[in-house]
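Here is the structure we will look at, set down as structure tokens.
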Amino acid sequence: MKRDNANKYWNEELETLPRAELEKRQLADLQEIVQFAYDHAPYYQRSFDKAGVKPSEIKTLKDIEKFPFIDKTTQRDTQGVGSFLGELAAVPEEDVVFISTSSGSTGVPTMSPFTKKDFDEFQDTESRWFWQVGMRPSDRYVHALNFSLYVGGPDVIGAQNLGALCIWGGTLPSERLLFVLKTYQPTIIWTSPSYAWQLGEKALKSGIDPKKDLNIKKIIVAGELGGSIDATRKAVEELWGAEVYDFYGLSDIFGACAAMCEAKDGLHIAEDHILVETVDIHTGEVLAPGEVGELVFTTLRKHARPLIRFRTGDIGWIDNTPCSCGRTHGRIHINGRKDDMFIVSAVNVFPSDIEAVIRELPGITGEYLIRVFEKDYTCKYSVEIEKNADNTRADAEIAAEASAALKARIGVKPFSVVVHSDGALDTRSEHKSKRIIDERNR
């Protein structure tokens, strides 16, 4: 199909559906997938029967609240049970054409299987996101994400289906990737926010000015929260002279499930594929749209392994109000991972809160490390930062400024701020950066 490059929508009818029509489609898909899961996945049949609920009870979208949650533990406990794909799978292995796995950062890696239809719809969604941020067939695109079992690896196919010239970069060493960027002059790259920053720094140190010597116009970031933190996003944009757009995905569902539009006010989530709830992290009580809690997703069209009320572990909220871009699908805002949140003096603290402060401070590199520990039976946190090589201010003065800024933004002062020289922190990574060390209960 010949597309109008001037049209900002990949699928205008779908992306601008009135909420009532969108929710009507969601309900039809929800009724079908819950019934399919009950009929074909041993776990769901057992779980629904134990909870005393039946798929036929779903008459409205709100009726999903009657059904039990699942989480990562459910996936691990059922994986490989009864079959290779396990008890959450709803199709035989013969129908599966692709599997990815989670990183295993919070436990045993979990598989995510796809039928041919699942995979094709996954890639069409990726094409939608790429088009949404402005990618067109005339672009040259570098996919600088891990291809080894990572669910974001195949997203490059969505760019190819759109018609862009695609360079499958993968996790090339920085020097090699900079060679690719300088030699082939691509216009768009996708990587993590921390690596986008580090790659720009390395370019400058090697005599390459990202703004003048390279041709990157847009940077897509994912895997960390930085792309949705204004200070981090703007710092990367300034370094590269490019627009930065944040994507959000889950290995449990597919590559990018949500993406920024030009308004950069949250990330539009593919509500044709995912029903979103927000629940209280302690009680599981369903919260109203706009309230902050744990995001719970139900897949509406993925048949290989349906996820019914999957607790993601991500803390955030959904905004269903109209977006200035004209798209009607809701926008999610992520505050952080439930596992990373810590409480100091009754204040919930996320690493993203700290990053937002650090990225705005002058004279420091933007690298940071958080240590969480107990002292006098109370949770405390300290922050380690780096000052720029040309920063002549005293370490104590820099630390005091950072401490005051953190207190003003978060509400609780760090126990200490430690200032290192440029490059002294071991936080730079070509993948996700490790920025929090929890020393409690060791």
Side-chain angles (χ1 to χ4, degrees), residues 105 144 171-178 191-210 221 223-227 229 231-240 336 340 342 344 349-375 379-410 412-440 442:
S105 59
T171 53
L172 287 171
S174 299
E175 294 75 14
R176 183 67 174 169
L177 183 53
L178 286 172
T191 185
S192 70
S194 59
Y195 188 54
W197 174 261
Q198 291 157 23
L199 188 64
E201 282 188 321
K202 288 183 178 181
L204 289 173
K205 289 177 180 177
S206 64
I208 299 172
D209 186 337
V221 296
E224 301 167 345
L225 282 176
I229 298 172
T232 298
R233 188 175 68 252
K234 290 173 182 176
V236 175
E237 288 179 334
E238 173 59 27
L239 178 61
W240 286 83
D340 288 341
F342 54 94
V344 180
V349 181
F350 290 95
S352 57
D353 299 326
I354 294 170
E355 177 169 329
V357 174
I358 299 304
R359 298 292 189 189
E360 291 179 338
L361 292 174
I364 64 174
T365 67
E367 289 298 313
Y368 66 93
L369 182 68
I370 304 164
R371 295 186 185 275
V372 185
F373 56 95
E374 287 187 0
K375 183 175 177 60
C379 181
K380 304 284 187 182
Y381 77 103
S382 65
V383 180
E384 300 179 37
I385 59 177
E386 296 176 345
K387 68 177 182 180
N388 290 337
D390 60 357
N391 188 343
T392 59
R393 295 172 65 198
D395 291 357
E397 183 182 348
I398 296 170
E401 181 181 53
S403 182
L406 289 164
K407 174 67 166 25
R409 174 68 176 261
I410 299 171
V412 287
K413 186 177 180 180
F415 179 79
S416 65
V417 174
V418 180
V419 180
H420 298 278
S421 60
D422 188 350
L425 281 178
D426 187 22
T427 51
R428 291 167 173 82
S429 169
E430 298 190 1
H431 306 291
K432 293 183 181 181
S433 293
K434 178 69 174 176
R435 300 193 180 278
I436 182 166
I437 299 175
D438 192 340
E439 299 175 340
R440 293 171 294 181
R442 286 191 173 182

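The figures here come from the full heavy-atom set of this structure, side chains too, leaving out hydrogens, waters and symmetry mates.
- To the nearest 0.5 angstrom, T191 atom OG1 is 8.5 Å from E224 atom CD.
- Here the closest heavy-atom approach between residue K407 and residue K413 is recorded as CD-N, 3.4 Å.
- A donor-acceptor pair under 3.5 Å is formed between the side chain of W240 and the backbone N or O of A196.
- Ion pairing of E401 with R393 is present here, as a side-chain N (NZ or NE/NH1/NH2) and a carboxylate O approach within less than 4.0 Å.
- Between the CG atom in L361 and the OH atom in Y368 there is a gap of 12.5 Å [rounded to 0.5 Å].
- Of all non-hydrogen atoms in C379 and V344, the two that sit nearest each other are O-CG1, 3.6 Å.
- The two residues L204 and P210 make their nearest non-hydrogen contact at CD2-CD, 3.6 Å.
- Across every non-hydrogen atom of G227 and R233, the tightest pair is O-NH1, 3.1 Å.
- Side chain of W197 to backbone of T365: a donor-acceptor contact under 3.5 angstrom is found.
- Proximity of a side-chain donor or acceptor of S403 to a complementary backbone N or O of A399 within less than 3.5 Å is not detected.
- I370 contributes atom CD1, which lies 12.0 Å from atom CD1 of I385 (distance to the nearest 0.5 angstrom).
- For the pair R440 and F373, the cation-pi test (distance below 6.0 Å, angle within 45°) is failed.
- For E355 and T232, the side-chain atoms include at least one donor-acceptor pair closer than 3.5 Å.
- Annotation for N391 and G363: closest pair ND2-O, 2.7 Å, computed over non-hydrogen atoms.
- Side chain of S192 to main chain of Y195: a donor-acceptor pair is present (N/O by atom type, distance under 3.5 Å, no hydrogens or angles).
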Before you tell me yes or no, could you show the steps for V372 and I437 under side chain to side chain contact (heavy atoms under 4.5 Å, CB included), namely the whole-Å CA-CA distance, both residues' side-chain angles and the distance that decides it to 0.1 Å?
CA-CA 6 Å; V372 185; I437 299 175; over 6 Å; no
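- Taking CG of D395 as the reference point, atom OG of S421 lies at 9.0 Å (rounded to 0.5 Å).
- Looking only at distances, no side-chain donor or acceptor of D422 sits under 3.5 Å from a matching main-chain atom of K387.
- Annotation: side-chain contact (heavy atoms from CB on, under 4.5 Å) contacts of E384 (sequence neighbours excluded): L369, R371, V418, H420, L425.
- Here F342 pairs with Y381 under the ring pair (Phe, Tyr, Trp, His ring centres under 6.0 Å) rule; sequence neighbours left out.
- To the nearest 0.5 Å, the span separating CD1 on I364 from CD1 on I358 amounts to 5.0 Å.
- In this structure, CG on L225 lies 11.5 Å from CZ on R435, to the nearest 0.5 angstrom.
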List the steps, then state whether salt bridge (Lys or Arg N to Asp or Glu O under 4.0 Å) holds for E175 with K202.
CA-CA 8 Å; E175 294 75 14; K202 288 183 178 181; 5.4 Å; no
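- Distance alone, capped at 3.5 Å, places no donor-acceptor pair between the R359 side chain and the A231 backbone.
- E238 CD: 12 or fewer foreign heavy atoms inside a 6.0 Å radius.
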